[in-house]
Structure formats: structure tokens, C-alpha cells
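Everything on this sheet refers to the single structure shown next.
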Amino acid sequence: MDLNKKFTPETWPEHPERATLEGKNKFVGFWLFLGGETILFATLFATYMALKNKGPSGFGFSTQELYQLPLVFVMTLLLLTSSLTSVYAMHHMKNYNFKKMQLWLAITAILGLCFLGLEVYEFNHYVHEGFTFGNSAFSSSFFTLVGTHGFHVAVGLVWITLLIFRNAKRGLNLYNASKYYTFSLYWHFIDVVWVFIFTVVYLMGVIG
Amino acid sequence: MSSVAQKRGFGAALWDWMTTVDHKKIGILYLIGGGFFFVVGGIEAMIIRLQLLKPNNDLVSAGLFNDLITMHGTTMIFLAAMPILFGFMNYIMPLQIGARDVAFPFINSLGFWMFFLGGVFLNVSWFFGQVPDAGWTSYASLSLASPGHGIDFYAIGLQIAGGGTLMGGINFLVTIINMRAPGMTYMRMPLFTWTTFVASAMILFAFPPLTVGLFFLTFDRMFDANFFDHQMGGNTIIWEHIFWIFGHPEVYILILPAFGIFSEIFSIFSRKRLFGYPAMVFATVLIGFLGFMVWAHHMFTVGLGPTANAIFAVATMAIAVPTGVKIFNWLLTIWGGSISVTTPMLYALGFIPSFVMGGVTGVMQGAAPLDYQLHDSYFIVAHFHYVIVGGVVLAILAGVHLYWPKMFGTMLSETLGKITFVFFFVGFHCTFLIQHWLGFWGMPRRVWTYMDGQGWNTANMISSFGALLMAIGVIVLVINIIMTTVKNVRVGNDPWGDGRTLEWAIPSPPPFYNFTQTPLVRGLDTVWIEKQEGNATGLTFAEPVTDIHMPHGSIIPFFMSVGLFIAGFGAMFHQETSWGLPLLIFGLAWTFVAMAMRSLKDDLGYHVTKEEIQRDVNNASKGGQN
Amino acid sequence: MMKGLKKWRLFSLLAVLTVFLAGCGQEELSTLLPAGQVGKDQFKLLMLASGIMLFVILVVVAIYVVALIRFRRSKLGEDFIPEQVEGSHKLELVWTIIPIILIIILAVPTVYYTYKLGDVKAMEEVTDDGKAKHLVVDVTAKLYWWEFEYPELGIVTAQELVVPTKEKIYFNLKAADVKHSFWIPAIGGKMDTNVENLNKFYLTFDKESEGLKDGVFYGKCAELCGPSHSLMDFKVKTLPRDEFNAWAKNMKATEDGNNVANAAGEEVFKQSCIGCHATSGAGEGGTQGPNLASFGDRNRVAGFLKHNEEDLKEWIKNPQKVKPGNTMPSFENQLSEQELDDLAEYLLGLSVEQ
């Protein structure tokens with residue numbers, strides 16, 4: 001594959017992420033990987049459901065009192081918006097508009113960073129209330145489920161930052177198009193998982 | 001192999017193997033790694049059987065015995081059986097579908113090194129004197145109560161090795177989906193490729209629960225979490241569910257590739273197309289699917305209630321149907337064929353009655369109320385050894401003999417092979433058949449010793465004697481391998497004479513790019529079809545000779561795995577030492593930096609030119625090996 | 001050839017049967033000689049399953065042997081190329097449907113017995129005066145011994161379960177430390193003792209244990225629970241109902257004092273042992289060590305040692321050596337030889353069966 005091959009929006013293929021065998025492999029492989037990740041999160045969800053509100057005798061925490069929906073709602077908005085901005089980025093990628101793609105990805109990253117900041121704030125708040133990781137089975141399962149999601153967000157941020165800077169000077173080609181594309185897949189996946197966390201953990205915790 | 005390669009020194013060769021991304025070399029590495037752990041697990045088994053030779057024996061202490069059974073089970077499943085099968089999948093599957101490598105050569109290498117270093121991590125526990133001792137299932141209440149770092153080695157070692165396996169699974173799936181040669185439709189894929197495909201899909205869905213379970217265990221033991229501590233609201237049954245949601249598919253992950261190897265063997269050595277190929281494929285997929293629906297049959301005595309037990313009992317029995325379909329299709333494959341009893345065929349023929357016996361005892365245990373008696377008795381020990389040794393290990397031994405000439409270009413001795421078979425096969429039945437009765441007679445499993453006067457003495461002695469025969473069989477195999485390697489009589493493309501699939505139409509061992517030209521596949525058993533139509537090479541090409549694109553080798557996979565290895569020790573010691581936490585961070589950072597290097601540095605591979613390929617072809621046709 | 005095959009088949013059948021019949025194991029702990037309704041039900045299922053499975057094995061082996069005899073290359077010639085048969089829908093249907101039928105034959109009784117053996121509703125039943133209709137025993141598994149509490153009778157014992165014959169006995173099972181599993185092979189299948197919940201099941205004991213080799217049935221821990229898992233045995237004594245009532249009454253009476261076979265031994269006991277062990281069989285469980293009210297009547301020391309003074313002293317002196325990982329401290333340096341003798345005599349004299 002020639003990295004220096006120059007494209008124009010006209011010669012740029014319709015599915016640049018799948019235009020090479022490597023890209024196609026990455027595309028299929030990443031979808032499969034996300035399948036595995038789904039099972040991973042499913043296991044975490046199931047454990048959380050089983051251990052929700054469970055603690056030692058005299059345990060003082062419950063989902064109703066602990067969670068603060070307004071904060072979580074803001075976080076949800078941030079992450080959902082970032083998913084949308086990553087869609088814009090991929091739109092520009094397909095049109096061979098590198099600069100706009102980079103811009104939208106940067107916005108995506110910033111939104112993700114804000115989300116992560118709020119999550120750190122949220123966790124910190126819980127810990128100050130005494131709801132620490134080792135406090136109970138409930139706290140362990142909560143921090144592991146939501147924390148694993150947070151960890152995925154962090155990994156995604158590092159990933160996209162590296163991609164943005166690594167390719168800043170050389171622009172789009174068929175080699176990195178699939179990298180950008182898999183990132184966007186990953187980001188949507190994280191978003192979907194968050195929707196489930198928002199519903200199952202927070203909404204059902206406060207209301208249900 | 002070029003002459004340049006042979007003149008290199010040891011250091012260069014070692015570097016070559018450590019950096020290789022060639023699926024064939026990685027396959028051989030898997031075989032070597034898995035073979036090493038197979039011997040380790042075998043020695044552990046021998047000590048177990050020696051300890052149980054007579055009542056009130058004190059050859060090993062009670063604590064050490066629990067170490068041995070735990071490490072025997074864990075080693076054999078995760079570090080021996082799976083890697084060896086991965087070796088075959090890696091080596092053979094791309095050849096069978098006419099590919100030049102797997103989809104992600106780099107990740108393939110990473111998968112191997114993670115398996116290997118994870119396995120080393122687990123076994124380092126012996127040198128610390130703190131060995132996993134809660135059984136290969138590590139049920140939570142006991143694994144939390146277990147003192148020392150034994151269980152930590154288990155949790156972290158399997159985490160690293162399991163990660164490698166998951167990558168391997170995804171890699172095989174993508175390879176099969178994307179890289180089949182022209183004409184190789186799904187329904188023309190050899191059955192070994194099909195079973196690799198289904199087993200890989202099962203890995204993809206079964207290993208994440210294990211990952212999560214092991215994290216829970218790690219967090220509980222090392223990071224103050226309370227998933228399984230019932231006094232803190234935790235629940236140990238969660239571990240049992242998670243473990244078996246992984247653990248049951250795991251046994252099918254092992255047995256399906258074994259089925260694949262036997263399907264190839266029956267077909268080759270009966271000179272006959274596999275009977276009912278579509279039914280075989282369908283049965284494979286169905287077994288893979290049902291494999292996820294039956295995990296709770298390992299938990300009939302846990303107290304899940306009659307409704308859950310009844311549902312899982314019936315689901316379990318249902319698996320017998322597709323398995324039966326397979327058995328009868330194999331029987332009908334040899335029926336009407338021309339059976340040549342070579343060593344691989346001998347194993348395949350030994351497999352049928354052995355596996356049927358293991359299968360039917362499985363159905364017996366699927367009957368929940370009966371399982372209340374059989375569960376955790378020696379009956380279950382007999383049952384799973386019948387399926388795993390009688391199925392998987394026989395397949396591995398058969399595969400070693402079948403594919404040895406393809407991998408190393410020289411044939412294992414048929415005579416010694418048959419001697420191995422006789423010792424191993426007789427020893428196997430001698431060891432495990434009698435254990436069914438030990439279970440009936442009330443002997444629980446995982447017992448360090450037993451009192452005299454319970455009627456178990458003779459049976460245990462017979463069983464231990466059988467283990468000795470199996471050990472002799474394995475030793476003969478090792479001798480066979482050494483002698484064959486020393487003699488090094490070279491063989492051609494199709495040493496068995498009746499090869500039916502693509503791997504038998506290319507040189508043994510194949511050149512590193514596998515196929516000089518991508519083949520065109522014209523049906524199931526394409527090489528057989530070509531040869532029957534008079535094409536002696538067995539191949540029709542889909543393209544002219546062109547430059548071949550190949551990936552570069554890389555040491556980064558090794559380094560990434562080493563980082564995880566280091567981080568594992570950091571996690572283990574972070575509570576009692578000041579250097580634990582820094583070491584954990586250092587190890588993870590190391591891995592991350594290695595990964596970032598891979599990501600930031602473009603690696604576009606290189607091209608093998610037309611001229612080089614033509615030169616190789618000419619050399620080969622002149623009959624010269626060098 | 002067919003004749004030879006028939007003979008072979010008959011022979012193998014006989015061989016299997018011989019092994020089967022000769023190999024019934026020992027009455028006090030074999031699942032093949034069930035001495036209770038639960039075990040008998042499970043044995044019936046075993047026979048049905050074995051029959052079906054034996055049939056399957058025979059069919060497979062028969063086809064296999066015939067194929068091997070008829071289709072050897074040495075017989076057919078080196079150059080013989082067999083017809084490349086693709087398959088047969090009819091045959092595929094046959095070996096799909098027949099196994100399904102066989103499995104249904106097995107599945108129906110399986111489901112039936114699963115519900116039958118899982119039915120513990122009667123546990124809650126009470127008579128008109130508010131007493132439980134059935135005997136309920138609370139079993140607590142500990143590292144590495146068993147506690148048996150009879151809540152309705154107000155008594156507790158350890159290591160040797162005593163139950164009346166010919167009635168349903170219900171069990172509440174739990175573990176106090178790590179998971180164990182409660183199994184009396186000759187009576188019926190096992191059930192786990194979990195750490196976080198109570199498991200309930202029932203067993204019936206049809207046969208009095210008196211005629212058995214040691215006068216007791218053997219019970220086992222079936223779940224790996226640590227180094228001494230294999231030594232975590234218990235025994236079961238089954239008595240006719242009236243004898244059981246007498247036993248229970250005697251047990252209850254130990255709250256007013258025991259037989260004292262050696263007064264000096266009693267003193268030693270009060271100084272060294274009473275912190276963990278009770279000698280009154282009345283009351284509730286939950287003690288640190290096994291209840292010793294009926295120690296002299298038991299069959300084994302520590303569940304598996306011979307029931308004599310020598311082994312008992314060995315055990316008290318160094319429990320860790322005998323049963324690694326248990327929670328009893330060593331008394332080797334605490335007690336003199338004389339004190340040990342006295343203590344042993346005292347303990348072996350603790351009896352409720354005179």
C-alpha cells in the first residue's frame with residue numbers, strides 16, 4: 001500500500017475503511033471484538049443487578065439515596081452529543097475532508113473528556129460520603145461496572161488523541177482511514193453501553 | 001528454507017522466533033509451548049495417581065495434593081490442550097482456506113506470547129511455594145479463604161493467558177470470514193476449518209465472562225472488593241455461574257477442533273468424502289449454540305431449585321443429539337471406504353468408542369437427580385477424562401502424527417506411533433474406566449487420601465497402573481519425535497497419499513508465503529477433485545504469479561506481554577510491599593508504550609517479488625531442498 | 001462372520017454385567033446399594049440411563065466393528081477408490097429421531113424425579129399443637145466437621161448424625177466458613193452447603209445401621225474445602241423411631257450432667273476444652289468445636305480415626321498433623337501424659353446410650 005498516494009474527493013473510495021484487505025480485516029475484527037465486549041458488559045450488568053443494595057448488616061447506602069440524576073443527565077447529554085460529533089467526523093472522512101474530520105474528532109474528544117471529568121467528580125463524591133470500593137458488594141459492583149465504562153472512555157480518548165496528532169501532518173489515506181473508522185465504532189459502542197448504564201443503574205436505581 | 005537461514009547463529013534464530021508473525025511458526029510455537037505444559041501437567045497427574053495408589057498414603061502432603069490437582073487441571077485445560085489445538089488451527093487452517101497468513105499476524109504473535117507468559121506466570125507459583133489450591137474451578141468461598149498468593153497466581157496468570165486466547169479467537173474468525181481463496185464458499189470449507197470457526201466464535205463469547213470473573217476474584221483478593229464475600233453482601237454463587245458460563249463452552253471449544261481433526265482423518269484414510277457434510281456442519285454449529293445454554297448442569301447440587309435443574313437437565317440431554325449425528329456420520333464415512341490403519345487413523349478409530357462412552361456418561365449426569373449422586377464423585381472424574389482424554393488428547397496425538405510431515409517435512413515413525421497408541425489407549429481405559437465405579441462406591445473427587453476398608457483399594461491401584469501406561473506412551477512419542485528429527489527423511493507434498501484439502505498440495509513444510517499463487521477452489525475436498533480429474537498437482541490457480549505482500553516481524557508482542565507479566569507481580573504484592581504499586585503501574589505503562597509504538601510507527605509490510613517466488617518454484621521442481 | 005459378531009456382542013454384554021454386579025461396593029457407602037427412597041429413585045434412574053446408554057454403545061460399536069472388518073484397504077486392494085457418497089437424508093433423519101426418542105424416554109423420569117426430590121413443602125407443616133410434623137435437622141458444615149442440630153427437640157450433636165428410620169427427614173444445610181457438600185452415598189444424592197443461603201432437601205433412611213460393618217452409614221464432604229477435605233467424613237446412625245426418641249431424651253438429659261468415667265479427666269476438660277466444646281447435648285449449635293455429649297458412642301475420632309484412647313490422644317496432642325488446616329489448637333505441650341490419659345478416658349465415657 002502506498003501511503004503517499006494522493007486522493008481527491010472523487011477518487012476517494014466510497015468505503016475507505018474497507019478498501020484494503022487490512023482495512024476489511026480490521027472492520028470485521030473490530031465488530032467481533034465489540035461482540036465480546038458486549039458479553040463482558042453483560043456479565044458486569046448481571047453482577048451489578050445481583051449485588052445492588054447488598055452490603056454488610058447495617059449497610060446504609062441505597063441506590064435511591066446515593067445517585068444524583070441531574071449530574072448523570074448532564075453526563076449522558078455530553079456523551080450522546082459526542083457520539084453525534086463522531087458521526088459528523090466520519091461523514092467528513094468519507095468525503096475526504098481531512099481538516100473537518102479532525103475538527104469534529106477533536107470536539108468529540110473534548111466532550112468525552114468533560115464526561116470523564118464529571119465521572120471522576122461523581123466517584124470522588126461517593127467516596128467522600130463513605131461509599132468506597134471496598135465498602136460493600138454493592139459498591140464493588142457499582143464501581144466496577146461504571147468504572148469499566150469510564151476506563152473504556154479514557155482508552156478511547158488516548159486513542160483518538162494519538163490518531164489526531166499522528167496524522168495531523170500527513171492527512172487521510174487508506175491506511176489510517178480504517179483506524180479512524182474503528183475508533184468511531186468504538187465510540188458508538190461506549191455510548192450505547194452508557195445508555196444502558198444510565199437506564200439500568202441510575203434510572204432504575206432512583207425510580208425503580 | 002533458504003541456505004541463508006540455515007547458516008545463522010542461535011541468537012539470530014531465537015530472535016527470528018521471538019519476532020515472527022508467520023502463522024506457521026506461531027503454530028509451531030504454540031505446539032512447543034503447549035507440549036511443554038502438557039508434560040508438566042502429566043507429571044502432576046502421575047504424582048496424583050501415585051499418592052492415590054494405596055490407602056492412607058502420605059507421599060505428598062494434603063496441601064501439596066490440592067496444589068497438584070489445581071495445577072494439573074488448570075495446566076491441562078488452559079496451557080496444554082487449548083494451545084496445542086491453537087497450534088493446529090494456526091498452522092493448518094490458513095492453508096486449508098488458501099490464505100497466506102491469518103488476518104492479524106501481529107495480534108497472532110501477541111496472543112501466543114500472552115498465553116505463554118501467562119502460563120509461565122501461573123507456574124512460577126511453584127517457585128514461590130504458594131500455589132493455587134482451590135481446584136481449577138476455584139470456587140469463591142475457598143479461593144477467598146486460601147492463604148498466600150496461590151490464587152493470585154491463578155487469577156492473574158489466567159487473565160493474561162485468557163486475553164491471548166481471546167485475541168486468537170477473533171483472529172481466526174476474521175481470517176475465515178475475509179481471507180478464503182476464490183471459490184472457497186462456507187459450504188466448501190474443510191471440517192477442521194469449520195470447527196475452528198465455531199470454536200473461535202465460542203471463545204469470543206465465552207472468554208469475556210471469564211475475564212470478568214477473574215477480575216472480580218483479583219479485586220476481591222487484592223483490592224478490597226467484596227463480590228464474593230457474603231458478610232459484605234457478596235455472593236459466591238455468582239462466581240459459580242460466571243465460571244461455568246465460561247467453563248461449559250470451554251469444553252466444546254476444546255472438543256470441536258478435535259472433532260475437526262478426526263473428520264479430516266476419517267476422510268483421508270477412508271479415501272472417502274465426509275458422509276453428510278452439511279449435517280456435520282450443522283451439528284457443529286448447533287453444539288456451539290447449545291454449549292452456552294447448559295452451564296448450570298455443573299451446579300445441580302448448588303440448590304437452584306427443581307425448575308432450573310429440570311430445564312438445564314433437558315437442555316443438556318439435547319446436546320447428545322447433534323453429537324450423535326456426528327458419530328454416525330463418521331461411522332458412515334468409513335463404511336464403504338477403503339480404510340488404511342495408519343497411526344492417525346488408529347487414534348481416530350480409538351476415539352469413537354472412547355468418546356461415545358464419555359458422551360453417554362455425560363447424558364447420565366445430565367439427568368439431574370442422578371447427578372445428585374454422581375456430582376463431585378469419582379464418576380465425574382472418569383467422565384470428563386473420557387471426553388477430554390478420549391476426545392481432545394487422542395485428537396491432539398492424532399493431529400501430531402497427521403500434520404507432522406506437513407509441518408516439519410519428515411514423517412514420524414509409524415511403528416513407534418502405533419506403540420505409543422497402544423500404551424496410551426490401554427493405559428487410558430485402565431485409568432479411567434474403573435473410576436466410574438469408584439464414584440458409584442462413594443469416593444468423592446479431589447480427595448488427598450482415603451481410609452482403608454472402604455472397598456476402594458484395588459480400583460485405585462488399577463487406575464494408578466493405567467496412568468503409568470499412559471506415561472510410557474507419551475515417552476515413546478517423545479523418543480519418536482527425537483529419532484524422526486535426527487533421521488530427517490524428507491517427504492513430498494502429500495506424504496499420506498490421499499490428501500484431500502489444500503494443505504496437501506503445497507510443499508512440506510510450505511514456503512513462508514504458503515501459496516505461490518492463490519488457488520481456485522472448485523468444491524469440497526478440492527485437491528481430491530483435481531487429482532481425480534487428472535491434475536497431478538491438485539491445484540488450479542486463481543491468479544498469475546505476482547508479488548506477494550507479507551507483514552514484517554516484530555518484537556513488540558513479546559514486550560507487551562512482558563509488561564503484563566511484570567504488572568501481574570506488581571498487583572500481587574501491592575498490599576504488602578511498597579514497590580508493588582509502582583511495579584504494577586510500570587508494567588502497565590510498559591505495555592502501553594509498546595502498544596503506542598506499534599500504533600504510531602507505520603508498518604506496511606514488504607513484498608516478495610515475482611522473481612524470488614519463481615526461483616523457489618524452480619528450486620523445488622529440481623528436487624533440491626536448499 | 002455375523003455369528004462371530006453375535007458371540008462377541010454377547011460376551012461384551014456379559015463382561016459389562018459381571019463387572020457391574022461384582023462391583024456393587026460396600027453397603028455402608030455405595031450408591032449401588034441404596035438404603036433409602038431417594039437413593040433408590042436415583043438408582044432406578046441410573047439403571048434406566050445405563051440401559052439406554054449401553055444400547056447406544058452397542059449400536060455404535062456394532063456398526064464400527066462391521067465397517068472395520070469389511071472395508072479394510074488390505075482387503076479391498078491398494079488402488080480401490082470408493083464411491084464418494086455425499087450423504088443420506090433418510091439416515092440423517094434416523095439418527096436424529098431415534099436419539100431424540102431415547103432422550104425423551106430419559107427426560108420424562110428425570111423431570112419427574114427432579115420435582116419429587118426437590119419437594120420440601122412438607123417442612124413447614126405443623127400438627128394441631130403447633131409442632132413440626134416432620135423431623136428437621138439443621139446441618140452446619142465447618143472446617144472440617146459437621147454439626148447436626150435438631151431445633152424441635154432442642155438438642156445438638158456433631159460428626160455422627162442420628163436419625164429415625166422409615167420417615168422423611170428434612171435437612172437445612174449451610175456452611176459456616178467455606179463451601180462444603182453433604183453426601184451420604186448409600187442414602188441419597190448430595191446437596192451443597194453454601195455460605196450465603198440455606199439449602200433444603202430430604203432423605204429417608206429405610207435400613208437400620210446396626211447390621212452394617214461399622215454399625216453406621218458413611219457420610220462424605222463432596223466439595224473441595226481445603227487441605228483436609230478428604231478427611232471430612234461423618235457417620236450416620238439410623239434407629240427405629242422409639243429408640244431414636246429414647247436417644248433424643250437422653251441427649252436432652254445431658255444438660256443436667258454426663259456420665260463421668262474419670263473425674264480428673266473432667267477437670268482437665270473444664271480447664272482446657274470447655275471454651276470450644278460443650279458436653280451438654282441440649283441447646284443450640286454454633287459452638288467453636290464439635291459437641292461432645294455423645295462422644296463415647298461415636299464410631300470415629302475426628303470423623304475418621306479409630307475410636308480408641310490411643311488415636312484420641314494422638315488427635316488431641318497434634319490435631320494439625322492429623323487433619324491439616326482444622327481450627328483446633330495443639331495440646332502437646334499444654335497437657336501432661338497423665339492428663340491426656342484422664343481426659344481420654346473421660347471423653348470416651350461420654351455416652352447417652354446405656
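- Chosen from Ala49(C), Pro324(C), Ala222(C), the residue pairing most often with chain B at heavy-atom distances under 4.5 Å is Ala222(C).
- Here the CG-OH distance, from Asp233(C) to Tyr450(B), works out to 14.0 Å after rounding to the nearest 0.5 Å.
- Within the 4.5 angstrom heavy-atom criterion, atoms from both the backbone and the side chain of Gln84(C) approach chain B.
- Of all the heavy atoms in Trp183(C) and Ser377(B), the pair that sits closest is CH2-CB, 3.7 Å.
- With a threshold of 4.5 angstrom between heavy atoms, Leu231(C) approaches chain B through side-chain atoms but not through N, CA, C or O.
- Each of Ile352(B), Thr333(B), Ile334(B), Leu349(B) has some count of heavy-atom pairs under 4.5 Å with chain C, and the biggest count is that of Leu349(B).
- For Thr301(B) and Asp192(C), the side-chain atoms include at least one donor-acceptor pair closer than 3.5 Å.
- For Leu91(C), the part sitting under 4.5 Å from any heavy atom of chain B is the side chain, from C-beta outward, and nothing else.
- The distance from atom CG of Leu68(C) to atom CE of Met345(B), rounded to the nearest 0.5 Å, is 7.5 Å.
- In terms of heavy-atom pairs under 4.5 Å with chain B, the best-connected choice from Tyr64(C), Tyr218(C), Phe201(C), Phe304(C) is Tyr64(C).
- For Ala368(B), the parts sitting under 4.5 Å from any heavy atom of chain C are the backbone and the side chain alike.
- Residues Tyr113(C) and Pro369(B) approach most closely at CB-CG, 3.6 Å, considering heavy atoms.
- Going from atom OG of Ser230(C) over to atom CZ of Arg445(B) covers 14.0 Å, rounded to the nearest 0.5 Å.
- Ser88(C) touches chain B through backbone and side chain together, each having a heavy atom under 4.5 Å away.
- For the set Leu274(B), Thr236(B), Val363(B), Ile237(B), the entry with the most heavy-atom pairs within less than 4.5 Å of chain C is Thr236(B).
- Looking at Ala367(B), the atoms closer than 4.5 Å to chain C (heavy atoms on both sides) sit in the backbone and in the side chain alike.
- Residue Val195(C) comes nearest to Ser141(B) through the heavy atom pair CG1-CB, 4.1 Å, listed as atom of the first residue, atom of the second, then distance.
- Here the closest non-hydrogen pair linking Glu78(C) and Arg271(B) is O-NH1, 2.6 Å.
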**Q.** Check against side chain to side chain contact (heavy atoms under 4.5 Å, CB included), Glu92(C) and Phe328(B)
**A.** CA-CA 9 Å; Glu92(C) 300 286 355; Phe328(B) 285 107; over 6 Å; no

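- The part of Leu76(C) that comes within reach of chain B is its side chain, from C-beta onward, which places non-hydrogen atoms under 4.5 angstrom from that chain.
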Q: Report the C-alpha distance between Lys220(C) and Met443(B) in whole Å, list the side-chain angles of each, state the deciding distance to 0.1 Å, and finish with yes or no for side chain to side chain contact (heavy atoms under 4.5 Å, CB included).
A: CA-CA 8 Å; Lys220(C) 301 277 176 190; Met443(B) 181 162 164; over 6 Å; no

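- Counting non-hydrogen atoms of other residues, nucleotides and ligands closer than 6.0 Å to CG of Asp79(C) gives a total of 12 or fewer.
- Note on Lys44(C), Met191(C), His229(C), Lys116(C): by heavy-atom pairs under 4.5 Å with chain B, the leading option is His229(C).
- Counted within 6.0 Å of NZ on Lys213(C), heavy atoms from surrounding residues, nucleotides or ligands total more than 12; the atom is thus considered enclosed.
- For Ser270(B), the part sitting under 4.5 Å from any heavy atom of chain C is the backbone (N, CA, C, O) and nothing else.
- Put simply, the side chain of Gln532(B) reaches to within 4.5 Å of the side chain of Ile81(C), judged on heavy atoms.
- Within the 4.5 Å cutoff, the side chain of Trp441(B) has no heavy atoms near those of the Thr31(C) side chain.
- Counting heavy-atom neighbours within 6.0 Å of Phe80(C) CZ, excluding the residue itself, gives a total above 12.
- Heavy atoms of Phe275(B) lying under 4.5 Å from chain C belong to its backbone as well as its side chain.
- The most heavy-atom pairs under 4.5 Å with chain C, out of Ser338(B), Gly276(B), Pro444(B), come from Ser338(B).
- Annotation: the span from Phe440(B) atom CZ to Cys24(C) atom SG amounts to 10.0 Å, rounded to 0.5 Å.
- Within 6.0 Å of CD in Glu86(C) there are 12 or fewer heavy atoms belonging to other residues, nucleotides or ligands.
- Neither the backbone nor the side chain of Phe65(B) comes within contact range of chain C; no heavy atom of the residue lies under 4.5 Å from a heavy atom of that chain.
- Nearest heavy-atom pair, Ala310(B) versus Tyr115(C), reported as atom, atom and distance to 0.1 Å: CB-CE1, 4.0 Å.
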Q) For Arg72(C) and Val341(B), what are the C-alpha separation, side-chain angles and deciding distance, and is it a side chain to side chain contact (heavy atoms under 4.5 Å, CB included)? A) CA-CA 8 Å; Arg72(C) 292 287 286 272; Val341(B) 187; 3.6 Å; yes

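- With a 4.5 Å cut-off on non-hydrogen atoms, Trp528(B) touches chain C through its side chain but not through its backbone.
- Only the backbone of Ala134(B) comes within contact range of chain C, with at least one heavy atom under 4.5 Å from a heavy atom of that chain.
- Taking Asp67(B), Val356(B), Val325(B) one by one and counting their heavy-atom pairs under 4.5 Å with chain C, the maximum is reached by Val325(B).
- Leu142(B) touches chain C through backbone and side chain together, each having a heavy atom under 4.5 Å away.
- Among Val111(C), Val85(C), Leu117(C), the residue making the largest number of heavy-atom pairs under 4.5 Å with chain B is Val85(C).
- Side-chain contact between Gln373(B) and Leu46(C) is absent, with no heavy atoms from C-beta onward closer than 4.5 Å.
- Note that CG of Asp177(C) is 13.0 Å distant from CG of Leu144(B), once rounded to the nearest 0.5 Å.
- Here the CG-SG distance, from Asn66(B) to Cys225(C), works out to 9.0 Å after rounding to the nearest 0.5 Å.
- Side-chain contact between Phe300(B) and Thr114(C) is absent, with no heavy-atom pair separated by less than 4.5 Å.
- Counting heavy-atom pairs closer than 4.5 Å to chain C, the top residue among Ala318(B), Pro353(B), Gly305(B), Gly63(B) is Pro353(B).
- Here Glu196(C) is the residue among Met53(C), Lys179(C), Glu196(C), Lys200(C) with the most heavy-atom pairs under 4.5 Å with chain B.
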**Q.** Evaluation steps, side chain to side chain contact (heavy atoms under 4.5 Å, CB included), between Trp95(C) and Ile327(B)
**A.** CA-CA 10 Å; Trp95(C) 57 59; Ile327(B) 297 278; over 6 Å; no

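- Checked by atom type, the side-chain pair Gln42(C)/Asp371(B) shows no donor-acceptor distance below 3.5 Å.
- Contact record, Val302(B) with Asn194(C): O-ND2, 3.0 Å, taken as the closest heavy-atom pair.
- Chain B forms the most heavy-atom pairs under 4.5 Å with one residue out of Gly226(C), Pro99(C), Gly118(C), and that residue is Gly226(C).
- The closest donor-acceptor contact from the side chain of Arg73(C) to the backbone of Ile339(B) lies at 3.5 Å or more, if one exists at all.
- When the candidates Pro147(B), Gly359(B), Gly453(B), Ala283(B) are compared by the number of heavy-atom contacts under 4.5 Å with chain C, Gly453(B) comes out ahead.
- Contacts of Val38(C) with chain B are absent, with no heavy-atom separation under 4.5 Å from either backbone or side chain.
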